[in-house]
Amino acid sequence: MAIVRIRSLLAVTMLTGIYSLVVAVLFVLMDAPDVALTEAAVGAGLMVILMLGTIALTTREERPHRMRHNLMALLVVAVTGAALIYATLDMPRFGDPEAPAHVHLSPRFTQESPEEIGIPNMVTSVLASYRGIDTLGEAVVVFAAAVGVLLVLGSGAVRGRKTSGRSRGEGGDQAP
Amino acid sequence: MTWFGLYSYWIVVVLMMVGFYIVIAQGNLVKKIVGLNIFQTSAFIFFISLAWREDGTAPIALPDVTEYANPLPHVLILTAIVVGVALTAMGLALVVRVHEAYGSIEEDDIHRQDEQQ
């Protein structure tokens, strides 16, 4: 990924949006249309808007910096990556119908949830019915984040900073 | 080659390490958040790839289909994406506040100003 090297934060933002779209396409290819829709809307849409707001309020260019920590960081990353690759050697093959994830709970939901709930889309019925409380918790998290953003940016407004008007506008963006 | 079927996990590991490297090595706070985002997305891809099965279709009930992708990881990741963007919004708001307080979003600048005080 070129995101590491590029110094202009505007270009980084654009690349993040493209990356999210590519990931969404990957989700479609792996039979997860609901997740792909969410990723495209939230990742490529909302995230880019938020990042544009942030770099508008801060700076657009990253300052060039010394390459001091990079060797150490590369070493840590390489060791962690090697350990993770080693861990995958025991995993079931990609797409294997006999994988443990597919034999225990999944048949119960795929076979019975259309009759039980009456919605053909199993993801929706699990999300809204079997795990409705969890989805309520998710809504609480989003609300808490919106309140937190307003609090963090609003405290600047109280002190009369010159950016406060725009920060309040940016905080309002997350409410939907 | 029995190992060839594991390539999806290796893509995930590579993406995860790219995100990890950005978080460790970059000094710019916005880039750190982008790195966290890439790390997070790699975990999403991991879960969705676990849910995929080669003989199944998308988990929407059809008359003649019996095998579907596992819907449970899809629901989990749907929730995780939304929570993730909430956390990203929070992190970016903190970056804006740091910029107001220090006038910089570079990590070493902020350290230097802290030491001078």
Side-chain angles (χ1 to χ4, degrees), chain A residues 1 3-4 9 12 16 23 26-27 30-35 38-39 42 46-47 50 54-55 57-59 62-63 65 69-70 73 76-77 80-81 84-85 88 91 93-95 97 101-102 105-106 109-110 114 120-123 126-127 131 138 141-142 145 148-149 152-153 156 161 167 174, chain B residues 5-10 13 16-18 20-22 24-28 30-31 34 37-38 41 45 48-61 67-72 74-75 77-79 81-83 85-90 92-97 99-100 105-106 108:
Chain A
M1 293 294 284
I3 290 183
V4 190
L9 292 179
V12 168
T16 314
V23 171
L26 213 58
F27 287 160
M30 291 194 285
D31 288 339
D34 307 83
V35 186
T38 315
E39 174 69 29
V42 161
L46 192 55
M47 193 85 84
L50 289 175
T54 307
I55 63 176
L57 289 174
T58 57
T59 51
E62 180 189 18
R63 205 167 32 72
H65 56 282
H69 303 295
N70 284 10
V76 171
V77 165
T80 318
L84 285 176
I85 297 263
T88 63
M91 299 286 284
R93 192 170 50 81
F94 179 49
H102 297 305
L105 269 177
S106 170
F109 285 103
T110 52
N121 187 335
M122 295 149 198
V123 174
V126 174
L127 183 76
R131 281 190 16 199
E138 173 196 344
V141 169
V142 173
V149 169
V152 167
L153 294 179
R161 304 268 176 164
S167 4
Q174 17 267 333
Chain B
L6 299 174
Y7 67 96
S8 66
Y9 305 116
W10 298 345
V13 169
M16 190 173 270
M17 287 307 109
V18 169
F20 192 31
Y21 176 78
I22 295 177
I24 298 178
Q26 297 285 326
N28 187 294
V30 173
K31 269 197 175 178
V34 172
N37 202 17
I38 293 175
T41 322
I45 296 174
I48 299 297
S49 74
L50 282 184
W52 187 73
R53 47 188 293 173
E54 53 201 357
D55 57 351
T57 64
I60 297 171
E67 302 298 342
Y68 302 98
N70 191 343
L72 300 177
H74 293 188
V75 180
I77 296 311
L78 216 56
T79 309
I81 290 177
V82 176
V83 170
V85 86
L87 289 178
T88 309
M90 194 64 214
L92 289 173
L94 286 175
V95 170
V96 172
R97 270 302 283 146
H99 182 75
E100 282 181 12
I105 53 172
E106 302 289 338
D108 41 357

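Only this structure's heavy atoms are used, side chains among them; waters, hydrogens and symmetry mates stay out. By convention in this document, chain letters (A, B, ...) are assigned in the order of the sequence lines, proteins followed by strands, and residues within each chain are numbered from 1.
- Closest approach of A:Leu153 to B:Ala93, counting heavy atoms only: CD2-O, 3.8 Å.
- The distance from atom NZ of B:Lys31 to atom OG1 of A:Thr16, rounded to the nearest 0.5 Å, is 10.0 Å.
- Only the side chain of A:Val23 comes within contact range of chain B, with heavy atoms under 4.5 Å apart.
- In this structure the side chain of A:Phe27 reaches within 4.5 angstrom of the side chain of B:Ile45, judged on heavy atoms.
- Between B:Leu78 and A:Glu138, the closest heavy-atom pair is O-OE2, 4.5 Å.
- Nearest heavy-atom pair, A:Val77 versus B:Met17, reported as atom, atom and distance to 0.1 Å: O-SD, 3.4 Å.
- Remark: B:Ile48 CD1 to A:Glu39 CD distance equals 10.0 Å, nearest 0.5 Å.
- For B:Thr79, the parts lying under 4.5 angstrom from a heavy atom of chain A are both the backbone and the side chain.
- Note that the CG atom of B:Leu92 and the CG atom of A:Leu57 stand 10.5 Å from one another [nearest 0.5 Å].
- For a residue to count as touching a neighbouring chain, one of its non-hydrogen atoms must lie under 4.5 Å from one of that chain's; by this rule B:Val13 touches chain A with the side chain only.
- For the atom pair NE2 (B:His99) and OG1 (A:Thr54), the distance works out to 11.0 Å, reported to the nearest 0.5 Å.
- Between A:Val76 and B:Ile24, the shortest heavy-atom contact is CG1-CD1, 4.2 Å.
- Put simply, the side chain of A:Thr80 does not reach to within 4.5 Å of the side chain of B:Met16, judged on heavy atoms.
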### Task
For B:Val30 and A:Val12, run side-chain contact (heavy atoms from CB on, under 4.5 Å): C-alpha distance rounded to whole Å, both residues' side-chain angles, the deciding distance at 0.1 Å, then the answer.
CA-CA 9 Å; B:Val30 173; A:Val12 168; 5.8 Å; no
